[in-house]
Amino acid sequence: MKSKLAHFYLALVFLILYAPIIFLIAYSFSQGETMTNFHGFTWRHYQTLFSDARMLAIVANTLLIALLSALIATFIGTLGALSITRTTRRVTRDSLLTLNNVLMVSPDVIIGASFLIFFTLLKIPLGFGTVLMSHVAFEIPIVVLMVLPRLREMSTSLLDAAQDLGATTRQLLTRVIIPFISPGIFAGFFMALTYSLDDFAVTFFVTGNGFSTLSVEIYSRARQGINLEINALSGVMFLFSLLLVGGYYWIQQAGHKRRQRKREVAS
């Protein structure tokens with residue numbers, strides 16, 4: 001009985017989560033112009049979307065910002081996690097972790113306004129660069145939190161054994177530490193990527209004239225009235241998200257199987 005209730009509750013939660021998305025995507029195939037009634041199947045809104053040069057440029061901007069910021073944040077965040085782990089003084093380590101978590105718990109509006117004031121004081125023109133720097137800044141703590149657990153799981157005896165075998169500091173990092181924490185690095189990268197694609201509040205503050213991302217553009221268009229081209233865009237982005245999640249799952253499974261084969265060979 002409890003099992004049936006648990007399954008029912010889980011199905012209800014997923015229904016509540018996915019029903020609005022399915023509703024949105026379903027109307028992207030409607031021949032009408034609004035979501036009041038479904039007027040028959042058509043690909044017209046997708047054709048309009050792919051012929052909209054401005055929207056395609058904004059999609060390219062959004063993906064470029066997401067990829068670049070995720071890569072930079074993953075690199076810096078991984079180094080940050082390594083530095084925190086190597087810190088011997090507990091007070092210093094706890095202080096660094098607290099500072100790292102500030103951006104995680106701070107409201108996006110406060111972060112966006114802070115970045116806007118910062119860039120304005122430095123007279124940095126708002127646009128691609130300011131959006132990229134802002135995204136890197138709030139993604140770094142995410143990467144740190146993804147990498148730290150893997151570093152804490154790593155046994156010091158593994159490092160000692162590598163050093164006893166004559167491994168240099170560089171070999172220790174590239175052949176022992178990085179391979180061991182790679183699942184955390186990949187998790188941090190994909191989390192940073194999704195946070196960047198999803199962000200609106202921070203981007204809204206730091207974007208300038210002539211540059212926009214999907215979240216800001218969708219907000220601007222929605223204020224002028226619902227356009228089913230936005231529904232078509234939502235369908236494309238949802239499919240992209242599914243591919244992203246599928247790719248991450250495939251990488252995780254491939255890495256797990258590779259590690260399992262190495263254990264079997266070693267035994």
Shared ILVMFWY cluster between F50 and L63, side chains joined below 4.5 angstrom? yes

I110, V102: one ILVMFWY side-chain cluster at the under-4.5 Å cut-off? no

I need the T213 OG1 to I65 CD1 distance, nearest 0.5 Å. 8.5 Å

Exercise answer: donor-acceptor pairs, residues 179-195 side-chain atoms, under 3.5 Å, sequence neighbours excluded:
{"from": "S182", "atom 1": "OG", "to": "P179", "atom 2": "O", "distance (Å)": "2.8"}
{"from": "T194", "atom 1": "OG1", "to": "F190", "atom 2": "O", "distance (Å)": "3.1"}
{"from": "T194", "atom 1": "OG1", "to": "M191", "atom 2": "O", "distance (Å)": "2.8"}

Mind checking whether F200 and Y219 have ring centres under 6.0 Å apart? yes

Once you round to the nearest 0.5 Å, how far does CD1 of I117 lie from CZ of F205? 9.0 Å

Has D52 got a side-chain atom pairing as donor or acceptor with M55's backbone, closer than 3.5 angstrom? yes

Rounding to 0.5 Å, atoms OG (S51) and CG (L49) come to a distance of 8.0 Å

Quick check: closest heavy atoms across M146 and R150, and the distance to 0.1 Å? O-CG, 4.4 Å

Which residues satisfy the side-chain contact (heavy atoms from CB on, under 4.5 Å) test with I58, sequence neighbours excluded? R54, T62, S212, L214, E217

Roughly how far, to the nearest 0.5 Å, is OG of S215 from CG of L197? 9.5 Å

Any side-chain heavy atom of F29 within less than 4.5 Å of one from N231? no

What distance separates T48 OG1 from L228 CG, expressed to the nearest 0.5 Å? 9.5 Å

Among the clusters formed by ILVMFWY side chains lying less than 4.5 Å apart, do I72 and L79 turn up in the same one? yes

Membership question, hydrophobic clusters at under 4.5 Å side-chain separation (ILVMFWY): are V147 and L99 in the same one? no

Quick one: list whatever passes salt bridge (charged side-chain N to carboxylate O under 4.0 Å, His left out) with D94, sequence neighbours left out. R90

Any donor-acceptor pair under 3.5 Å linking the side chain of H45 with the backbone of S30? yes

For residues L67 and L239: do they belong to one hydrophobic cluster (side chain heavy atoms under 4.5 Å, members Ile, Leu, Val, Met, Phe, Trp, Tyr)? no

All N/O donor-acceptor pairs, side-chain side in residues 124-145, below 3.5 Å, sequence neighbours left out:
{"from": "T130", "atom 1": "OG1", "to": "G127", "atom 2": "N", "distance (Å)": "2.9"}
{"from": "T130", "atom 1": "OG1", "to": "G127", "atom 2": "O", "distance (Å)": "2.9"}
{"from": "T130", "atom 1": "OG1", "to": "V206", "atom 2": "O", "distance (Å)": "2.8"}
{"from": "S134", "atom 1": "OG", "to": "T130", "atom 2": "O", "distance (Å)": "2.8"}
{"from": "H135", "atom 1": "ND1", "to": "S196", "atom 2": "OG", "distance (Å)": "2.7"}
{"from": "H135", "atom 1": "NE2", "to": "T203", "atom 2": "OG1", "distance (Å)": "2.8"}
{"from": "E139", "atom 1": "OE1", "to": "S69", "atom 2": "OG", "distance (Å)": "3.3"}
{"from": "E139", "atom 1": "OE1", "to": "A70", "atom 2": "N", "distance (Å)": "3.3"}
{"from": "E139", "atom 1": "OE2", "to": "S69", "atom 2": "OG", "distance (Å)": "3.0"}

Between F75 and L71, is any pair of side-chain heavy atoms under 4.5 Å apart? no

Has T207 got a side-chain atom pairing as donor or acceptor with F204's backbone, closer than 3.5 angstrom? no

Extract all donor-acceptor atom pairs below 3.5 Å that involve side chains of residues 13-28 and protein atoms in other chains or at least two apart in sequence.
{"from": "S28", "atom 1": "OG", "to": "I25", "atom 2": "O", "distance (Å)": "2.4"}
{"from": "S28", "atom 1": "OG", "to": "Y46", "atom 2": "OH", "distance (Å)": "2.8"}

Excluding sequence neighbours, so at least two apart, what forms salt bridge (charged side-chain N to carboxylate O under 4.0 Å, His left out) with R44? E33

So, taking the atom named CD1 in I230 and the one named CE in M237, what distance separates them when rounded to the nearest 0.5 Å? 12.0 Å

Contact between D108 and I111 at the side-chain level, heavy atoms closer than 4.5 Å - yes or no? yes

Closest approach of T87 and R93, non-hydrogen atoms and distance? O-NH1, 2.9 Å

